[in-house]
Protein chains: 2
Amino acid sequence: MNTVKVKKKVTIKDVADHANASTSTVSMVINNKGYVSDEKRKDILHSIKKLGYVPSASARNLASNRTNNIGFILRESHFTLSEPFYTRIFLGAEFESKKHNYYVLLATISDTYKKEEDTPRLLKERNVDGIIIAGKVSGELLEEVEESGIPFVLVDYQYKSFPYISVDNRNASLEAVRYLLSKGHTEISFLGADPYHPSISERLEGFQLGMLKAGYSDTSNLVFLDEDDSPTLQTGYNLGAKLFKSGKKPTAVFCANDAMAIGFMKYAEQHKIKIPEEVAVVGFDDVEGAKFSSPPLTTIRVFKEQFGELALRYLTEILNDTGKDLSSKYERGNHMLTVPTELIVREST
Amino acid sequence: MNTVKVKKKVTIKDVADHANASTSTVSMVINNKGYVSDEKRKDILHSIKKLGYVPSASARNLASNRTNNIGFILRESHFTLSEPFYTRIFLGAEFESKKHNYYVLLATISDTYKKEEDTPRLLKERNVDGIIIAGKVSGELLEEVEESGIPFVLVDYQYKSFPYISVDNRNASLEAVRYLLSKGHTEISFLGADPYHPSISERLEGFQLGMLKAGYSDTSNLVFLDEDDSPTLQTGYNLGAKLFKSGKKPTAVFCANDAMAIGFMKYAEQHKIKIPEEVAVVGFDDVEGAKFSSPPLTTIRVFKEQFGELALRYLTEILNDTGKDLSSKYERGNHMLTVPTELIVREST
DNA sequence: TAAATTTATCGAAGCGCTTCGATAAAACAA
DNA sequence: TTGTTTTATCGAAGCGCTTCGATAAATTTA
């Protein structure tokens with residue numbers, strides 16, 4: 001015997017009966033479709049409230065062949081990074097998703113992505129209406145996603161001519177360089193790694209452009225790149241060593257990201273090079289640690305939550321576009337958006 | 001005309017036909033239920049693979065009245081905290097969820113939770129089979145969740161006799177105190193805030209117990225509490241001021257968490273109090289910033305991902321328990337688990 | 001005023017599964 | 001042997017929705 005009172009689930013049928021309507025009419029009211037008289041609509045809405053009716057997600061998904069889910073794909077290592085950059089992008093997307101009535105399903109993938117084997121569950125099960133892919137991921141995965149036919153946008157990464165959203169790296173870097181120049185610096189070095197990553201290369205371009213505009217036409221001996229490694233604290237440290245051992249005496253260093261900047265400052269500290277007195281340092285990203293580094297790091301803030309928000313909004317736009325201007329949007333090549341940045345001046349400059 | 005080739009979705013019917021079976025038999029194979037001969041099972045599995053069949057989540061959820069989702073409820077501010085403590089717990093849960101074939105839906109709630117109004121969508125829509133609630137949240141919400149009848153566990157928080165998982169705060173604090181004592185410290189202060197939070201009070205108890213065991217029976221003038229505020233960087237700073245202005249000269253300070261410890265160190269730095277020479281500092285949590293503070297902070301590491309993992313595992317256990325030993329589990333009061341910790345010694349001690 | 005169109009409502013089919021009998025063969029007991 | 005239980009398989013109902021006609025009244029157009 002079961003003595004527990006189980007609240008019987010209120011279905012669309014109950015609402016229909018209560019409002020003297022058919023389930024189809026109720027459905028139309030819920031979905032704002034078709035023709036329903038104001039009167040009936042009012043009745044139905046009233047019944048819905050009265051009965052506390054909430055549509056069953058599974059049922060409507062099954063019937064309408066949607067899922068009401070958005071997938072968010074991210075590399076595992078991008079999560080386990082000490083810096084929650086992508087995490088915050090995810091949060092931004094999650095936050096925005098509420099407004100559009102989607103749930104966001106997170107899927108982390110390994111760095112050594114193998115097609116088939118590591119395919120995210122939400123892709124295999126086609127349990128999403130659209131997908132946001134954040135950060136650099138395997139091309140295989142991207143091809144797989146494209147093949148699936150599920151609409152998607154990339155965030156903070158580019159690949160082929162897939163739609164993407166990115167930081168305005170070039171302009172932000174330009175601004176950083178301008179700032180350093182305005183502070184009277186003349187010998188400015190750029191430290192970077194993984195120059196094949198679009199974001200990095202754009203930052204480098206911004207740097208070069210800024211220097212060029214200031215009359216430094218040849219920046220080649222100012223640029224230090226670790227081509228084989230990613231832009232981490234360690235590579236920043238290493239390039240710091242390389243830089244000083246090369247005999248160069250820059251008065252300022254612009255790093256491809258904060259991690260490298262912090263690594264660089266670590267090297268400087270260990271070698272009694274005073275920051276900012278002897279050399280000013282500027283990073284990129286404004287990670288958590290930037291505020292707490294010693295000295296606190298001047299850097300370019302990226303609005304991470306906004307980043308995610310924008311991604312979700314862009315995706316829903318694609319999903320709702322009934323094919324009409326969407327195709328033209330794609331074809332015109334403006335399938336790209338940028339997120340604004342802001343130079344945050346702290347004590348490292 | 002639509003010339004795009006749309007791969008027709010493979011359904012259970014297709015598999016059944018292909019394997020010369022009925023859909024019910026296929027279903028049984030998929031769900032590992034009922035009686036199916038080895039032969040037929042083999043055929044069916046083969047057909048599934050051959051056709052690339054993947055069951056539709058919506059359909060099976062509708063039919064079986066499950067959702068295959070786990071809700072993860074978290075306060076907004078716990079996400080926007082500069083420290084991704086709960087974020088990493090979430091990740092741990094998400095990671096573990098794959099093994100159990102659940103999707104994790106994140107729901108953030110505002111700090112000023114209002115029943116009805118702010119009820120997470122996943123609760124309203126009953127779109128989850130179970131719920132993980134992380135961190136301190138409004139009692140109203142907890143009551144609401146309980147009322148919903150959806151199984152849930154609390155993480156890093158306690159309320160009434162609801163099942164929960166927490167850090168072994170007491171023992172960890174005890175260990176920290178022991179460590180400080182072993183380093184020869186005698187005058188050890190405790191800095192805390194929000195002492196009504198179970199975690200904080202447990203940490204304080206651990207501290208007191210440790211001191212007691214070492215012969216310091218009266219710790220009351222060693223404890224500095226900000227009763228009205230939460231344990232933030234700012235309160236750590238404030239209590240630092242209060243501590244030194246009180247004329248006390250502790251040789252070591254144990255803070256209720258890292259944020260406070262870092263705030264305290266900030267005060268110390270500004271007032272030329274040398275750490276660890278003049279006063280050693282120990283925190284709790286091992287947040288990202290702890291490694292980068294100056295000096296790097298000795299602290300108690302909490303395994304956040306493991307925390308989330310455990311929560312999810314615990315919840316699925318509850319979900320799978322068909323009521324049998326579950327009830328006894330509840331009634332016996334052992335509806336509680338703890339996550340291990342580790343003392344991380346850095347340069348602040 | 002008749003024909004065409006728009007508005008309003010509903011019944012029923014169907015989305016892709018699970019699960020409940022029904023049926024019957026095989027295995028075991030008496 | 002007969003009766004009982006276990007094993008195997010299937011058909012059909014049903015989960016709670018959406019959506020496609022069908023139908024008809026109200027409105028517009030010719």
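Each chain gets a letter, A, B and so on, in the order the sequences are listed, and its residues count up from 1. What you are looking at is a predicted structure, and each value in this text was computed from that prediction instead of being measured.
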Please evaluate residues A:F162 and A:F152 with respect to the criterion ring-ring contact (aromatic ring centres under 6.0 Å, His included), reporting the C-alpha separation (whole Å), side-chain torsions for both, the decisive distance (0.1 Å), and the verdict. CA-CA 8 Å; A:F162 295 165; A:F152 66 101; 5.1 Å; yes

Is B:D129 reaching over with its side chain to a backbone N or O of B:N68, donor-acceptor style, under 3.5 angstrom? yes

Integer-rounded Å distance: C:dG16 P and B:I48 CD1: 16 Å

Taking only side-chain nitrogens and oxygens of B:R60, does any of them come within less than 4.0 Å of OP1 or OP2 of C:dG16? no

Ignoring backbone atoms, test whether B:S56 places a side-chain nitrogen or oxygen under 4.0 Å from the OP1 or OP2 oxygen of C:dG16. no

Might you list the N or O atoms of the protein lying below 3.5 Å from N or O atoms in nucleotides 23-26 of chain D, with each pair's distance?
none

Quick check on D:dG16: is either OP1 or OP2 less than 4.0 Å from any side-chain nitrogen or oxygen of A:T11? no

On the ring face of A:F307, is A:R88 found with NZ or CZ under 6.0 Å from the centre and within 45° of the axis? no

Give one of base, sugar-phosphate or nothing for A:D14, where a contact means two heavy atoms less than 4.0 Å apart. nothing

Measure CG/A:N68 against C1'/D:dC17 and give the value in whole Å, please. 13 Å

From CG of B:N65 over to P of D:dG16, roughly how many Å is that when rounded to an integer? 7 Å

Any N/O donor-acceptor pair, B:T23 side-chain to C:dG16 base, under 3.5 Å: no

Protein-nucleotide distance (B:N61, atom CG; D:dC17, atom P), rounded to Å: 14 Å

When you measure from the side chain of B:D17 to the backbone of B:D14, do you find a donor-acceptor pair of N or O atoms at a distance under 3.5 Å? no

Quick check: on DNA chain D, is the nucleotide nearest B:N20 upstream (toward 5') of the one nearest A:R66, or the reverse? Name the residue that is more 5'. B:N20

Under 4.0 Å, heavy atom to any atom of DNA chain C: which of residues 27-43 of chain B qualify? B:S27, B:N31, B:K33

Nucleotide nearest A:K9 (side chain, heavy atoms from C-beta), chosen from C:dC10, D:dC17, D:dG16: D:dG16

Looking for any heavy atom pair under 4.0 Å, which part of the strands does A:S24 touch: base, sugar-phosphate only, or nothing? base

Give a yes or no on whether a salt bridge exists between B:E143 and B:K115, defined as a side-chain N under 4.0 angstrom from a carboxylate O. no

Okay, side chain of B:N61, backbone of B:T67: is any donor-acceptor separation there less than 3.5 Å? yes

Salt bridge (charged side-chain N to carboxylate O under 4.0 Å, His left out) partners of residues 39-67 of chain A, not counting sequence neighbours, each pair once: none

Parallel, tilted or perpendicular, as decided by the 30° and 60° cut-offs, for the rings of B:F90 and B:F72: perpendicular

Quickly work out the A:I12 CD1 to D:dG16 C1' distance and round it to whole Å. 8 Å

Can you figure out which of C:dC17, C:dG16, D:dT19 approaches the side chain of A:S64 most closely? D:dT19

Run the numbers on A:H78 and A:T87 for side-chain contact (heavy atoms from CB on, under 4.5 Å), then give the verdict. CA-CA 8 Å; A:H78 280 159; A:T87 308; over 6 Å; no

Side chain of A:L62 - closest among C:dC10, D:dG16, C:dT18: D:dG16

For B:K114, look at atom NZ and say whether over 12 heavy atoms of other residues, nucleotides or ligands are found less than 6.0 Å away. no

